[in-house]
Visitor: 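This structure is in structure tokens; I'll ask about it shortly.
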Amino acid sequence: MNPRHSDTEDLEPHGRESITIEQGGVDEVSVVPWTLMIPRRIARRVGLTRKWATLFVVLAGLFTTSSTITVLVVSLETISKDLNSSVSVLNWSITGPMLAFGVVGPAYGKIGDLYGHKKVYVFGLLFAGIFAAMTVFAWSAASMVVFRILSATAGSATGPAAMAYINRLFEPNERVRPLGLWSFVTAGAPVLGVVMGAPLVETIGWRMIFVIQAPLLLGASLLAWNLLPQTSRMKNVKFDVKGSVALGAGATMFLLTINRGHSWGWTSTPIIGFGIASIVALWYFVRVERVAEAPLMPLHWLRTPNIILPISIQALLNFAYMGGFIVVPQMLEVGLGYDSSHIGWLVIARPLTFSITAPLASLFTMRAGERSSGILGASGVIASMLLLSSVTTGSSDLLIILGLGLSGIGFGIAGPALTGLVANAVDDETVGVAGAMQQLLSQMGAVIGSTVMISVHEMTAAHTTVVRSYGLALLTGAATAIFAMILATRLRSTDRSLKTA
């Protein structure tokens with residue numbers, strides 16, 4: 001084997017030229033910068049190929065940005081006292097970043113597809129770090145909310161960029177394993193943020209969380225700038241400004257309608273106005289995409305089963321997954337009277353099982369196919385919702401742990417497989433925006449799920465016991481997961497009979 005060629009074969013799949021590691025004009029391999037020699041030698045000793053090292057770099061940045069979106073969710077009361085505000089106002093420090101992380105992603109994905117994902121990723125980390133640092137000096141609730149939203153808006157660039165690197169580094173028949181790690185970070189990091197939030201705030205204070213996060217993000221951006229290869233860029237193609245604005249506005253107003261509908265009143269003027277405006281904006285988005293030179297989302301995706309089905313299934317499962325994550329701690333605290341430390345030890349079962357299952361599920365998926373993984377994963381979520389809905393006063397901790405663990409296992413099996421199907425069904429030139437669309441719809445599922453489940457609990461609490469009302473809310477998650485399982489039976493698994501040449 002040519003020793004010069006061996007330096008690049010770990011970076012790019014054979015026969016592909018999507019990524020270059022050196023400056024423009026270099027055909028295949030030029031002189032490797034001396035600053036990369038030490039990391040490369042270390043990587044060779046531990047058996048880490050360059051494409052896996054690249055994957056870990058981009059996922060590290062994604063984890064650092066997404067884990068802090070929810071880290072304050074259980075400490076809003078403490079922060080509201082510190083800032084002389086109310087929990088209802090500070091709720092926007094959680095809701096706002098969640099909305100921003102999902103809504104802005106498609107635009108970042110398209111910009112990366114057009115102009116290269118390296119710069120999008122690096123500058124996303126950089127500005128996320130800057131706004132995280134500004135959060136440390138927040139002087140009021142409003143300033144804190146603004147800085148958190150701006151940080152999440154910048155950090156949302158890391159999701160589609162990470163997906164794009166996976167699609168360019170790995171062949172279709174080997175993407176399930178890295179996508180398992182991607183799914184763990186995108187779905188698991190916010191959950192871990194919730195679990196870690198209360199102990200961190202109690203131990204070091206909420207401002208210190210961002211004192212730690214800011215240099216991590218800034219250092220990650222510098223590391224990514226030096227180590228990440230640039231992705232290919234499309235030439236002479238314009239960015240779809242109208243489509244991006246229409247989708248962003250429509251998605252934002254739709255999520256606001258769902259998220260604020262119960263607290264503001266479903267028949268209130270703002271909610272009705274947001275709902276109508278979201279429909280108009282999304283209708284306009286479809287019109288724009290039909291005639292756009294480089295549409296943000298090719299409309300034929302809506303007619304492609306292995307794109308629209310996996311995205312829809314993941315949104316439905318996230319309805320149950322994230323909705324259950326909001327409902328169960330409330331059920332344990334309000335309904336069963338558990339203290340926060342007891343709840344913390346119980347709910348950690350879900351991120352723990354997810355973190356173990358998501359990377360390992362690739363072995364099953366590569367043997368059985370994405371269709372089987374989707375069905376099995378949805379079945380795990382269904383079983384989880386049914387078990388948790390049966391919890392009553394006197395139920396054992398083991399039953400609760402089993403219910404939460406099944407949710408993590410189910411989503412850990414289905415998530416990577418569904419993401420892999422979407423990545424394999426689109427062209428390399430559009431993989432960034434495809435990943436962002438998946439991120440957006442998944443976020444919509446999470447917001448709708450948590451809102452609907454809480455609404456079901458509040459509407460039924462007056463007619464039954466508190467614990468039972470939470471159980472009925474969890475049954476709505478089971479219903480959506482059943483629908484997801486039915487859709488999963490229509491998936492077509494990737495053909496892995498074709499080997500890399």
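Predicted model, so just to flag it, every value in this text is computed and none were measured.
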Visitor: First locate atom CG of Leu299, then atom CZ of Phe285, and finally report the distance between them rounded to the nearest 0.5 Å.
Guide: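 Separation between the atoms: 7.0 Å.
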Visitor: Hey, does Phe319 have a side-chain heavy atom less than 4.5 Å from the side chain of Val452?
Guide: yes
Visitor: Return the minimal non-hydrogen interatomic distance between Ala141 and Ser85, and the atom names on each side.
Guide: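 Minimum heavy-atom separation between Ala141 and Ser85: CB-OG, 3.4 Å.
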Visitor: Identify the heavy atoms of Ser389 and Gly471 that sit nearest to each other, and give their distance.
Guide: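 So the two residues come closest at CB-O, 3.3 Å.
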Visitor: For the side chain of Arg371 and the backbone of Thr489, is there at least one donor-acceptor N/O pair under 3.5 Å apart?
Guide: yes
Visitor: Please enumerate all residues that pass side-chain contact (heavy atoms from CB on, under 4.5 Å) together with Ile454, with sequence neighbours excluded.
Guide: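 side-chain contact (heavy atoms from CB on, under 4.5 Å) list for Ile454, sorted by chain: Ile326, Val327, Gln330, Glu458.
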Visitor: Return each pair, listed once, that meets ring-ring contact (aromatic ring centres under 6.0 Å, His included) where at least one residue sits in residues 126-161; pairs must be two or more places apart or across chains.
Guide: Trp139-Phe147
Visitor: Out of curiosity, Ser442 OG to Ile311 CD1, how far, rounded to the nearest 0.5 Å?
Guide: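 These two atoms lie 10.0 Å from each other.
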Visitor: Evaluate side-chain contact (heavy atoms from CB on, under 4.5 Å) for Met144 paired with Thr135, printing each intermediate quantity in order.
Guide: CA-CA 6 Å; Met144 190 259 207; Thr135 305; 4.3 Å; yes
Visitor: Tyr470: what forms a ring pair (Phe, Tyr, Trp, His ring centres under 6.0 Å) with it, not counting sequence neighbours?
Guide: His457
Visitor: Ignoring hydrogens and angles, tell me if any N or O in the side chain of Thr480 forms a donor-acceptor pair with the backbone of Gly477 under 3.5 Å.
Guide: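 Yes: the side chain of Thr480 pairs with the backbone of Gly477.
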Visitor: Is there a donor in the side chain of Ser373 and an acceptor in the side chain of Thr365, or the other way round, less than 3.5 Å apart?
Guide: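 Yes - a donor-acceptor pair under 3.5 Å links their side chains.
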Visitor: Can you tell me how far CG of Leu386 sits from CG of Leu475, rounded to the nearest 0.5 angstrom?
Guide: 6.5 Å
Visitor: Can you tell me how far apart OG (Ser450) and OH (Tyr321) are? Round to the nearest 0.5 Å.
Guide: 14.0 Å
Visitor: Taking C-beta and beyond as the side chain, do Thr158 and Leu59 meet within less than 4.5 Å on heavy atoms?
Guide: no
Visitor: Indicate the atoms forming the closest heavy-atom contact of Val422 with Pro310, along with that distance.
Guide: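 Nearest heavy atoms, Val422 then Pro310: CG2-CB, 3.7 Å.
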Visitor: Using a 4.5 Å cut-off on heavy atoms from C-beta on, say whether the side chain of Leu316 contacts that of Ile313.
Guide: no
Visitor: Side chain of Lys118, backbone of Trp225: donor and acceptor closer than 3.5 Å?
Guide: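 Present.
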Visitor: Just to verify, which of Thr353, Leu317, Leu406 counts as forming a side chain to side chain contact (heavy atoms under 4.5 Å, CB included) with Phe411?
Guide: Leu317
Visitor: Quick one: are Ile308 and Arg303 in side-chain contact, heavy atoms under 4.5 Å?
Guide: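 No, side chains not in contact.
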Visitor: Which distance, rounded to the nearest 0.5 Å, do you find between the CZ of Arg287 and the NZ of Lys242?
Guide: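 Going from CZ on Arg287 over to NZ on Lys242, the span is 10.0 Å.
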Visitor: Is Phe483 atom CZ crowded by more than 12 heavy atoms from other residues, nucleotides or ligands, each under 6.0 Å away?
Guide: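 Not buried by this count: 12 neighbours or fewer within 6.0 Å.
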Visitor: Is there a side-chain contact between Leu474 and Val328 in this structure, where contact means two heavy atoms from C-beta onward sitting under 4.5 Å apart?
Guide: yes
Visitor: For the backbone of Arg148 and the side chain of Ser151, can you confirm whether one donor and one acceptor N or O come within less than 3.5 Å of each other?
Guide: no
Visitor: Within the structure provided, determine whether Leu418 and Leu491 are in side-chain contact (heavy-atom separation under 4.5 Å).
Guide: yes
Visitor: Can you sort out the partners of Ser143 under side-chain hydrogen bond (donor to acceptor under 3.5 Å, both in side chains), two or more places apart, ordered by chain and number?
Guide: Ser140
Visitor: Any side-chain heavy-atom pair from Phe210 and Met134 closer than 4.5 angstrom?
Guide: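 They are not in side-chain contact.
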Visitor: Could you tell me which non-hydrogen atom of Ala138 sits nearest to which non-hydrogen atom of Leu83, and how far apart they are?
Guide: O-CD2, 4.1 Å
Visitor: Closest heavy-atom contact between Gly324 and Met453?
Guide: N-SD, 3.6 Å
Visitor: Just verifying a value: how many Å separate Ile130 CD1 and Leu125 CG, rounded to the nearest 0.5 Å?
Guide: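 Rounded to the nearest 0.5 Å, the CD1-CG separation comes out at 11.0 Å.
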Visitor: Is any side-chain heavy atom of Pro305 closer than 4.5 Å to one of Arg492?
Guide: no
Visitor: So, for Thr460 and Val456, which heavy atoms are closest and what is the spacing to 0.1 Å?
Guide: OG1-O, 2.7 Å
Visitor: Could you tabulate the donor-acceptor pairs under 3.5 Å formed by side-chain atoms of residues 270-283, not counting sequence neighbours?
Guide:
from: Ser278; atom 1: OG; to: Phe274; atom 2: O; distance (Å): 3.4
from: Ser278; atom 1: OG; to: Gly275; atom 2: O; distance (Å): 2.7

Visitor: Which residues pass the side-chain hydrogen bond (donor to acceptor under 3.5 Å, both in side chains) test with Ser384, sequence neighbours left out?
Guide: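 side-chain hydrogen bond (donor to acceptor under 3.5 Å, both in side chains) check on Ser384 returns nothing, list empty.
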Visitor: Looking only at atom types and distance, does a side-chain atom of Thr252 sit under 3.5 Å from a main-chain N or O of Ala249, one as donor and one as acceptor?
Guide: no
Visitor: Under the side-chain hydrogen bond (donor to acceptor under 3.5 Å, both in side chains) test against Glu370, which residue among Thr494, Asn306, Thr419 passes?
Guide: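 Exactly one option meets the side-chain hydrogen bond (donor to acceptor under 3.5 Å, both in side chains) with Glu370, and it is Thr494.
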